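Just so we're clear, the structure is a prediction, and the values are computed from it rather than from any experiment. Hydrogens, waters and symmetry mates are skipped; everything else that's a heavy atom, side chains included, is used.
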Amino acid sequence: MYRAAAAASFRLKAITRAMSTSSLDSFSACEISDALIKLGSPHGGHIPDIHMLSPSVSGSQVKICAPAYTVQMVLASDQAAPKLSAHFVDTATPGSVVVIAAPPQTKNAVWGGLMTAGAQAREAVGVVISGRCRDLAEHRAAGFPVFARGHSTLGQSPFVRPSAVNVPLVIEPQDTAAGPGAFPAITVGPGDWIVADEDGVVCVPKDMVDKVVEVATTGRDIDARALEDIKAGKGVQASFKKHRG
C-alpha cells in the first residue's frame with residue numbers, strides 16, 4: 001500500500017509540474033521578468049544582449065519555453081579544462097533548449113547550420129547562445145529558433161571548444177563596467193526553464209516555476225485593469241497608482 005501511495009504521489013507531482021510549466025508558457029518573457037523582480041531576483045532572470053536571430057529578427061510570434069541543456073565553451077588553448085567524449089549536440093535532451101556560454105572575448109561562432117540539423121534530429125526546441133552563431137540562412141530555412149549575441153563568419157575551430165555539458169553556467173553581462181549599479185551575472189542551471197521571445201531571454205530557476213506563475217498571473221490581471229483605465233483617459237500615473245500601488 002505504501003508503494004502504491006508513493007507512486008500516486010509521484011504521478012500527482014508530475015502532473016502538477018506539467019501544469020505549471022504549461023502555464024509558464026502562456027506568459028511573455030517580459031511578464032516573467034517582472035514576476036522574478038517582484039520575487040526578489042536582482043536581474044529578473046534576464047540574460048542581457050541576446051536577441052532572436054532565427055527564424056526572424058523581428059515581428060516573430062515564435063517563443064520557446066523549455067528546460068535548459070547547458071554547454072560550457074572554453075578557449076581552445078585551455079588544456080586544463082575537461083574534454084567531451086561526444087559532440088554536445090548528440091547528447092542534447094529531447095524537448096530541451098540548448099544554452100551555450102562562450103568565452104566573452106571570442107568573435108567566432110559556436111553554432112552553425114549542421115548543429116541546427118542535429119538539434120532538430122534530437123528534438124531540441126531551440127538554442128540560446130551567450131556568444132555568436134553563423135549560417136543564419138540555414139537556421140531560418142529550418143525554422144529553428146536561435147537566440148545569440150551576434151553572428152560571425154568564423155566557426156569554432158581553432159578558437160574554442162566545448163568542455164562540459166549539464167553544468168551551471170555563469171553568464172556575465174558584456175561591455176559593462178564593474179562596480180555599483182553594474183548588472184549582475186546570472187547563473188543558468190541544467191533544467192532551469194528558459195523562456196525566450198522577440199523581447200529577449202529569461203531564465204526561471206526550476207524551483208521557482210510555481211511561484212513565478214502565481215505572481216505573473218496576478219501581474220497580468222493588474223496590468224489589464226490599468227490598461228482599461230489608461231485607454232479611458234484616466235492617465236498613466238493615476239492608473240499605475242490605483243492598480244500597481
Asks: Quick one, Arg132 with Leu154, criterion side chain to side chain contact (heavy atoms under 4.5 Å, CB included). Give me CA distance, side-chain angles, the key distance, then yes/no.
Replies: CA-CA 9 Å; Arg132 300 167 186 265; Leu154 301 169; over 6 Å; no
Asks: Do Thr116 and His139 have side-chain N/O donor and acceptor atoms under 3.5 Å apart?
Replies: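 A donor-acceptor contact under 3.5 Å links the two side chains.
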Asks: How far does NE2 of His43 sit from OG1 of Thr187, to the nearest 0.5 angstrom?
Replies: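 Rounded to the nearest 0.5 Å, the NE2-OG1 separation comes to 7.0 Å.
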Asks: Can you find a pair of side-chain heavy atoms, one from Val204 and one from Ile32, that are under 4.5 Å apart?
Replies: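 A side-chain contact under 4.5 Å exists here.
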Asks: Tell me the closest heavy-atom pair linking Ile47 and Cys203, and the distance in Å.
Replies: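 Smallest interatomic distance, heavy atoms only, reads CD1-CB, 4.4 Å.
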Asks: Determine, stepwise, if the pair Lys242 / Asp229 fulfils salt bridge (charged side-chain N to carboxylate O under 4.0 Å, His left out).
Replies: CA-CA 10 Å; Lys242 176 182 177 182; Asp229 284 357; 3.4 Å; yes
Asks: Give a yes or no on whether the backbone of Ser96 and the side-chain of Thr93 come within a donor-acceptor separation of less than 3.5 Å.
Replies: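 Between the backbone of Ser96 and the side chain of Thr93 there is no qualifying donor-acceptor contact (under 3.5 Å).
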Asks: Can you check whether Val71 reaches Val99 side chain to side chain, under 4.5 Å on heavy atoms?
Replies: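 No; the side chains remain at least 4.5 Å from each other.
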Asks: Do other residues, nucleotides or ligands put more than 12 heavy atoms under 6.0 Å from the NZ atom of Lys211?
Replies: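 Counting neighbours around NZ of Lys211, 12 or fewer heavy atoms of other residues, nucleotides or ligands fall under 6.0 Å, so no.
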Asks: Can you measure from CD (Gln61) to CD (Glu198) and round to the nearest 0.5 angstrom?
Replies: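 Between atom CD of Gln61 and atom CD of Glu198 there are 6.5 Å.
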Asks: For Thr70 and Gly189, indicate whether the former's side chain and the latter's backbone hold a donor-acceptor pair under 3.5 Å.
Replies: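 No, Thr70 side chain to Gly189 backbone: no donor-acceptor pair under 3.5 Å.
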Asks: Closest approach of Ala196 and Val201, non-hydrogen atoms and distance?
Replies: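 Looking at all heavy atoms of both residues, the closest pair is CB-CG2, 3.8 Å.
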Asks: Hey, any chance Leu53 and Val62 share a hydrophobic cluster, counting ILVMFWY side chains that come within less than 4.5 Å of each other, even indirectly?
Replies: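 No, no single cluster joins them.
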Asks: Rounded at 0.5 Å granularity, tell me how far OG in Ser23 sits from CG in Asp210.
Replies: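 Those atoms lie 9.0 Å apart.
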Asks: Applying side chain to side chain contact (heavy atoms under 4.5 Å, CB included) to Trp193 and Leu24, what does each step give before you reach the verdict?
Replies: CA-CA 9 Å; Trp193 281 78; Leu24 190 68; 3.8 Å; yes
Asks: Over all heavy atoms of both residues, which pair between Met73 and Pro103 is shortest? Give the atoms and the distance, please.
Replies: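 That closest heavy-atom pairing would be O-CD, 3.7 Å.
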Asks: What about Ile64 and Val188, same hydrophobic cluster or not, with Ile/Leu/Val/Met/Phe/Trp/Tyr joined at side-chain heavy-atom distances under 4.5 Å?
Replies: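 The answer is yes; both residues are in one hydrophobic cluster.
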Asks: Using side chain to side chain contact (heavy atoms under 4.5 Å, CB included) as the criterion, point out the one residue from Val127, Thr91, Val89 that pairs with Tyr69.
Replies: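 Between Tyr69 and the candidates, side chain to side chain contact (heavy atoms under 4.5 Å, CB included) is satisfied uniquely by Thr91.
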Asks: Do His51 and Val57 come within less than 4.5 Å of each other through their side chains, counting heavy atoms only?
Replies: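 The answer is no, as the side chains (C-beta and beyond) never meet within the 4.5 Å cut-off.
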Asks: Go through the steps for Leu169 and Val167 under the test side chain to side chain contact (heavy atoms under 4.5 Å, CB included), then give the verdict.
Replies: CA-CA 6 Å; Leu169 304 177; Val167 295; 4.2 Å; yes
Asks: How far does NZ of Lys38 sit from OG of Ser33, to the nearest 0.5 angstrom?
Replies: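 Output value for this atom pair is 11.5 Å.
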Asks: Please indicate whether Gln105 has more than 12 foreign heavy atoms, meaning atoms of other residues, nucleotides or ligands, lying under 6.0 Å from its CD.
Replies: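 Yes - once you tally the heavy atoms of other residues, nucleotides and ligands closer than 6.0 Å, there are more than 12.
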Asks: Rounded to the nearest 0.5 Å, what separates atom CZ in Arg225 from atom CZ in Arg244?
Replies: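 With rounding to 0.5 Å, CZ (Arg225) is 12.0 Å from CZ (Arg244).
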Asks: Among Val110, Val74, Leu75, Leu84, which one satisfies side chain to side chain contact (heavy atoms under 4.5 Å, CB included) with Arg161?
Replies: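 Among Val110, Val74, Leu75, Leu84, the one meeting side chain to side chain contact (heavy atoms under 4.5 Å, CB included) with Arg161 is Val74.
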Asks: Mind checking the OG-CG spacing from Ser54 to Asp135? Nearest 0.5 Å is all I need.
Replies: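 Spacing of OG (Ser54) from CG (Asp135) equals 11.0 Å.
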Asks: With a 4.5 Å heavy-atom cut-off, do Pro145 and Phe147 have their side chains touching?
Replies: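 Touching, per the 4.5 Å side-chain cut-off.
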Asks: Quick check against the 3.5 Å criterion: does Lys241 have a side-chain atom that pairs as donor or acceptor with the backbone of Val236?
Replies: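 No, because the side chain of Lys241 does not come within donor-acceptor range (under 3.5 Å) of the backbone of Val236.
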Asks: Would you say CG of Leu114 has more than 12 non-hydrogen atoms from neighbouring residues, nucleotides or ligands within 6.0 angstrom?
Replies: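 Open.
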Asks: What heavy-atom pair brings Ile171 and Ser130 nearest, and what distance separates the two atoms?
Replies: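 Taking Ile171 first and Ser130 second, the nearest heavy atoms are CG2-OG, 3.5 Å.
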Asks: Determine whether Val202 and Val209 fall in the same hydrophobic cluster, where Ile, Leu, Val, Met, Phe, Trp and Tyr are linked whenever their side-chain heavy atoms lie under 4.5 Å apart.
Replies: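 Hydrophobic grouping puts Val202 with Val209.
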Asks: Check the pair Arg149, Ile129 against side chain to side chain contact (heavy atoms under 4.5 Å, CB included), reporting the backbone distance first and the verdict last.
Replies: CA-CA 7 Å; Arg149 292 188 186 275; Ile129 309 164; over 6 Å; no
Asks: Which pair of non-hydrogen atoms, one from Phe144 and one from Ala124, has the smallest distance, and what is that distance?
Replies: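 Where Phe144 meets Ala124 most closely, the heavy atoms are CE1-O, 3.6 Å.
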Asks: Which heavy atom of Ala148 sits nearest to which heavy atom of Gly131, and what is that distance?
Replies: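 The pair with the smallest heavy-atom distance is CB-O, 3.6 Å.
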